[in-house]
There are 2 protein chains.
Amino acid sequence: MDTLETRELRYFMAVAEELHFGRAAERLGMAQPPLSRAIQQLERRLGVCLLERNRRGVALTGAGEVLLHEGRAALDATTAAARRTRRAGGADSPGGPRNRLVLAVKAGASHELLYKLLDAYAAEPDAAEIEVLPSGTCEQGEMLRDGRADVALMHAPFNSLAGFDSEELLTEGQIAILPAGHPLAAHKTLSLAEVGDIPDLPLARFSRHGTYPPGPGPEIHDQTQLAQLIALGRTVAVFPDSARAWLWAEHTAVPLTDAPPVVTHIAWPAHSRSLALAGLIRTATRL
Amino acid sequence: MDTLETRELRYFMAVAEELHFGRAAERLGMAQPPLSRAIQQLERRLGVCLLERNRRGVALTGAGEVLLHEGRAALDATTAAARRTRRAGGADSPGGPRNRLVLAVKAGASHELLYKLLDAYAAEPDAAEIEVLPSGTCEQGEMLRDGRADVALMHAPFNSLAGFDSEELLTEGQIAILPAGHPLAAHKTLSLAEVGDIPDLPLARFSRHGTYPPGPGPEIHDQTQLAQLIALGRTVAVFPDSARAWLWAEHTAVPLTDAPPVVTHIAWPAHSRSLALAGLIRTATRL
DNA sequence: CGTCGGTGATACCTACCGGGTATGACAGGG
DNA sequence: CCCTGTCATACCCGGTAGGTATCACCGACG
């Protein structure tokens, strides 16, 4: 009576995101009429009007928006349960979650820290196997939420730590990475305003969930590509200090005076109760 | 193929908690055979062995324990979605969650703070309606998780803030509440050790989820009952400083020197995006 | 040592409901 | 005024969730 099956949630999410029964049905791999009926049943069961059926298309009601947000969290939690259970399966270790952890890391970031962490942890007495999962820009949070990862290295203020437990690992300043030949590369320091407003060097734009922020700069989805574009004098980028590790000869790093410091955290779902995870966290905080 | 219906989750949770198919089926209001089959299907779909069927009864495998924990979170999230959606329904306010908030408070705690908060918030321009939900000892977290509440007043270190966003509101010391006539009531201060070891005044035990910690003291489930027992010289209790508000004439409050300070927070689910909630938090932090 | 009680698993049946197809109702746009 | 695109309705079918009856197993106990 008040149960809310995940199937219904999936259906509603599709409709709420597409705002179109036909497209939503297609995305779900089903026909439109059963979808309509399912949503109607859902509304009746909840005793709530979720969608405003206008002549042309569909709009969310207030309750619909609530269910869109809360349902996303619920679906993530459900798929996380499935994934983590699967991962714990196979060789079911007696008396506890299996000794395997998936660590999400922003691809290419925190080289050195990651290296030290894996190294130190591997030396621990009963270390679990760590699978490093490179993630796209800033989606470590989603990976923790939907169970693709068990623990993540996250970078405040880019990642939001809301909803996770975390420990601070490292604080660093930020640098601008410029073509070595560029006039600004001679400066000892720069400000964000100076870097963001160079006529011949538009700021690179990084993809987030497949979309790019507006601006004149090139769209980046690969660090090598970015490095090349900088080397060719086509763009400039801002990175944490540790990015110096991968600079090319054609690059120059200039510290930024007014950029917010980047704090690298190790973060995990607040309800985690895994021994292996606890060990990794302990190792990380002792680095 | 990887979907994990909530029905299956409910079934598994019942079996995992009861460790007995018959009782679990009864609790679920169904017969035992379909339940057995459902669990088997679940195991096949996940490709994982969840339960160890022994001759007598059932035991959880490692994967089963993972699913027990993760599934609890997932089920809480879905029932939270249902509850919050229902609550937002009815008069669906255009363009946003409905103006109603449920605030969970430990029954009888933080009188004055709560009063000031509600008062200050009611004076705000477009204040939402606040429903105050008294909760049993320390279960505000569960209420936030499963959607019975939208926001809570929590008291570190008794409540765990893990998984929630929170703001600190108030820090206070703790006091021992003694019968006025007792010899120790004459002291200016006391230590935890002194209070916990009074031969004729065993420490009161408060219920948590229907169970009580071990000890000689009386079992308390009602503040009035506790007050009476103290007044009668039968027990002693430790409370935050603000408990002075409800002391009787027959009570004496003695500050504790070594008790950890109690920090009252306002806490809410990290993913919340409600305007009304934001307003309440803003009001609370300005108190 | 045989039987009984209690466990979970199996066999089989039924009814419901999730999903498909065909079609309707309705509003805008040309 | 029809045509198009939208969501809703009507109807049918098959899968499956759930029920009952029963089995297979083992431990306890007389």
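Letters A, B, ... mirror the listed sequences (proteins, then strands); counts begin at 1.
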Between CD of B/Gln40 and P of D/dG18 the distance, given in whole Å, is 15 Å
Would you please confirm or rule out a distance under 4.0 Å between OP1 or OP2 of D/dC7 and any side-chain N or O of A/Ser36?
no
**Prompt:** When you look at CZ of A/Arg234, are more than 12 heavy atoms from neighbouring residues, nucleotides or ligands closer to it than 6.0 Å?
**Reply:** no
One should read off an interatomic distance between A/Leu103 CG and A/Ile266 CD1, to the nearest 0.5 angstrom, of 6.5 Å
Sorted by chain and number, sequence neighbours left out, side-chain hydrogen bond (donor to acceptor under 3.5 Å, both in side chains) with B/Arg148 holds for B/Asp146
Between CG of A/Leu19 and C1' of D/dT6 the distance, given in whole Å, is 14 Å
Atom CZ of A/Arg44 and atom C1' of D/dA8 are separated, to the nearest Å, by 14 Å
Contacts of A/Arg83 meeting side-chain hydrogen bond (donor to acceptor under 3.5 Å, both in side chains) (sequence neighbours excluded), chain-then-number -> none
A correct 5'-to-3' footprint of nucleotides 17-24 of chain C, with B, S and - meaning base, sugar-phosphate only and no protein heavy atom under 4.0 Å, is -BBBBB--
Hits for side-chain hydrogen bond (donor to acceptor under 3.5 Å, both in side chains) against A/Arg72, two or more places apart or cross-chain, chain-then-number order -> A/Glu17
Atom CD of B/Glu5 and atom C1' of D/dT16 are separated, to the nearest Å, by 13 Å
In short, the helix from C/dC1-D/dG30 to C/dG30-D/dC1 is bent end to end, axes from five pairs each side, to 10°, by 10°
Sorted by chain and residue number, the ring pair (Phe, Tyr, Trp, His ring centres under 6.0 Å) partners of B/Phe206 (sequence neighbours excluded) come out as B/Phe239
The side chain to side chain contact (heavy atoms under 4.5 Å, CB included) partners of B/Glu131 (sequence neighbours excluded) come to B/Arg100, B/Val102
Hits for side chain to side chain contact (heavy atoms under 4.5 Å, CB included) against A/Thr6, two or more places apart or cross-chain, chain-then-number order -> A/Leu75, A/Thr78, B/Thr3, B/Glu5, B/Thr6
* So, is A/Arg53 close to the D/dT6 phosphate, meaning a side-chain N or O under 4.0 Å from OP1 or OP2? -> no
Contacts under 3.5 angstrom, residues 151-166 of chain A side chains, donor-acceptor by atom type, not counting sequence neighbours:
from, atom 1, to, atom 2, distance (Å)
A/His155, ND1, A/Thr264, OG1, 3.2
A/Asn159, OD1, A/His155, N, 2.7
A/Asn159, ND2, A/Gln140, OE1, 3.3
A/Ser160, OG, A/Ala162, N, 3.2

Atom CG of B/Leu35 and atom C1' of D/dT16 are separated, to the nearest Å, by 16 Å
For B/Asp150, the side-chain hydrogen bond (donor to acceptor under 3.5 Å, both in side chains) test, sequence neighbours excluded, returns B/Arg84, B/Arg87
Within residues 20-28 of chain B, the residues having a heavy atom closer than 4.0 Å to DNA chain C are B/His20, B/Phe21, B/Gly22
In whole angstroms, the gap separating P of D/dA8 from CD of A/Glu52 amounts to 12 Å
By salt bridge (charged side-chain N to carboxylate O under 4.0 Å, His left out), A/Glu26 pairs with (sequence neighbours left out) none
